[in-house]
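Counting starts at 1 for both ligands and their atoms, following the listed order.
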Amino acid sequence: MKKVTLMLAAVVAACTLTACGGDSAKGNAITFGTNPEFPPFEYVTSNGVIGEFDGIDMAIAKKIGEDNGMEVKMESMEFDSLLVALQNGQIDAVIAGMTATDERRETVDFSTPYYTATQVMIVKEDSDITTAADMADKKICVIQGYTGEVCVQDMGYTYEAFKKGTEAIMELVNGKCDVVVLDSATAQKYVSDNEGLKIVEDASAFESEEYAIAVQKGNTELLNKINASVEKMLADGTINDLAVQYTEAATAE
Ligand code: ARG
């Protein structure tokens, strides 16, 4: 009798350690990495949808967790560090307004895209820049590691890279640079927050970009869960509603 009890206890202990019958402990939680310096997709606020984090991406992450019965944890880090942290296994997925590029696809897998964006140029209201080619003899600011940096690099222009969008915008506002190349919705937010700025588009110079969630290469189990949830939110209008809601909130501020 005593032996049976002990054996049972051993089985229970083993089950707790390996979480028998279900996924590992990790399976019931998902840790996303983000860089919350990218409104309206992710930013820090007093009461966000996930702790202090709010924005379109944060609302999407929360729903992915709800759809899959997983607790959502959010880790904040520099944009540059996100894919490294993902490859290290420090985080399970990246949700950061991240454009699914071929270069990034070499190291990670991307979900079904959930948002289409493009790079735009933010300039002073009285700027004479009307096309990307006009940037040739101007002082250009970008944000380090963003696709905007890659675009300007590919155009062969020299530029200065900043850690945060707000830093690049301050340079522009203070007249220390002539143009900031940045994703459209985030650019719109900064233009409405700062007087004297406008957006210049050049569809022939900047290709459209698609935001997607990144997972470790080969993590199809998690990717399938994320995709099912994202595809549902695309089909039922949830993501569209979130985009409208957060864009309005951003411009109303
Ligand atoms: N879409 C751009 C890229 O993928 C910028 C993303 C910046 N996102 C952020 N959370 N800071 O490079």
Side-chain angles (χ1 to χ4, degrees), residues 31-45 48-62 64 72-87 90-91 93-122 140-155 159 161-170 179-191 193 199 201 205-215 230 239 242-243 246-247 250:
T31 304
F32 284 98
T34 196
N35 168 251
E37 284 154 6
F38 199 63
F41 294 92
E42 43 267 334
Y43 51 92
V44 169
T45 182
V49 285
I50 301 173
E52 78 263 38
F53 303 108
D54 207 0
I56 299 167
D57 284 348
M58 302 299 101
I60 291 174
K62 188 179 176 182
I64 290 171
V72 174
K73 295 179 186 159
M74 196 59 67
E75 273 199 37
S76 167
M77 61 189 79
E78 280 180 4
F79 188 75
D80 264 3
S81 310
L82 286 166
L83 292 187
V84 180
L86 179 60
Q87 284 172 279
Q90 186 190 332
I91 51 178
V94 171
I95 185 156
M98 183 175 274
T99 306
T101 66
D102 289 343
E103 202 193 338
R104 290 172 181 159
R105 276 184 204 285
E106 284 174 16
T107 54
V108 296
D109 285 342
F110 280 104
S111 71
T112 301
Y114 60 87
Y115 190 89
T116 305
T118 183
Q119 297 300 310
V120 298
M121 295 169 281
I122 313 173
I140 308 169
C141 286
V142 299
I143 297 87
Q144 199 170 301
Y146 286 19
T147 39
E149 177 178 16
V150 180
C151 287
V152 172
Q153 217 164 35
D154 289 350
M155 289 172 181
Y159 59 84
F162 290 84
K163 284 259 178 223
K164 300 178 183 195
T166 47
E167 290 170 3
I169 293 297
M170 274 309 113
V179 52
V180 176
V181 177
L182 186 61
D183 298 56
S184 38
T186 306
Q188 195 56 61
K189 162 75 177 149
Y190 290 141
V191 167
D193 278 1
I199 286 177
E201 293 177 50
F206 301 109
E207 284 172 13
S208 77
E209 301 184 11
E210 289 186 318
Y211 294 174
I213 298 163
V215 299
V230 165
I239 293 186
L242 284 172
Y246 277 100
T247 313

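With a 4.0 Å cut-off on non-hydrogen atoms, Tyr146 touches ligand 1 through its backbone as well as its side chain. Contact annotation: for Arg104 versus ligand 1, heavy atoms closer than 4.0 Å belong to the side chain alone. Within the 4.0 Å heavy-atom criterion, the part of Asp183 lying near ligand 1 is the side chain and not the backbone. The part of Tyr211 lying near ligand 1 is the side chain, judged by heavy-atom distances below 4.0 Å.
One distance of note links CZ of Phe41 with CG of Asp54; it measures 13.0 Å at 0.5 Å rounding. Put simply, NZ on Lys189 and OG1 on Thr166 are 11.5 Å apart, with the number rounded to the nearest 0.5 Å.
Side-chain contact check for Thr147 versus Glu103: every heavy-atom pair is 4.5 Å or farther apart. You'll find the side chain of Ile95 reaches within 4.5 Å of the side chain of Met74, heavy atoms only.
Taking every non-hydrogen atom of Asn35 and a distance limit under 4.0 Å, the qualifying atoms of ligand 1 come out as 9 (C), 10 (N), 11 (N). Close approach to Ala96 involves these atoms of ligand 1, each under 4.0 Å from a residue heavy atom: 6 (C), 7 (C), 8 (N), 9 (C), 10 (N). With ligand atoms numbered from 1 in the order given, ligand 1 contributes 4 (O) to contacts under 4.0 Å with heavy atoms of Met98. Atoms of ligand 1 lying under 4.0 Å from at least one heavy atom of Glu42, given by number and element, are 9 (C), 10 (N).
With distances taken over non-hydrogen atoms, the option nearest atom 12 (O) of ligand 1 out of Asp80, Val94, Ile95, Thr147 is Thr147.
Side-chain polar atoms of Tyr211 and Asp183 form a donor-acceptor pair below 3.5 angstrom. In summary, the side chains of Tyr115 and Asp57 do not present any donor paired with an acceptor at a separation below 3.5 Å, with no hydrogens or angles considered. Gln119 and Glu209 form a side-chain donor-acceptor contact under 3.5 Å, judged by distance and modelled atom types alone.
Distances between N or O atoms of Gly97 and those of ligand 1 include at least one value under 3.5 Å.
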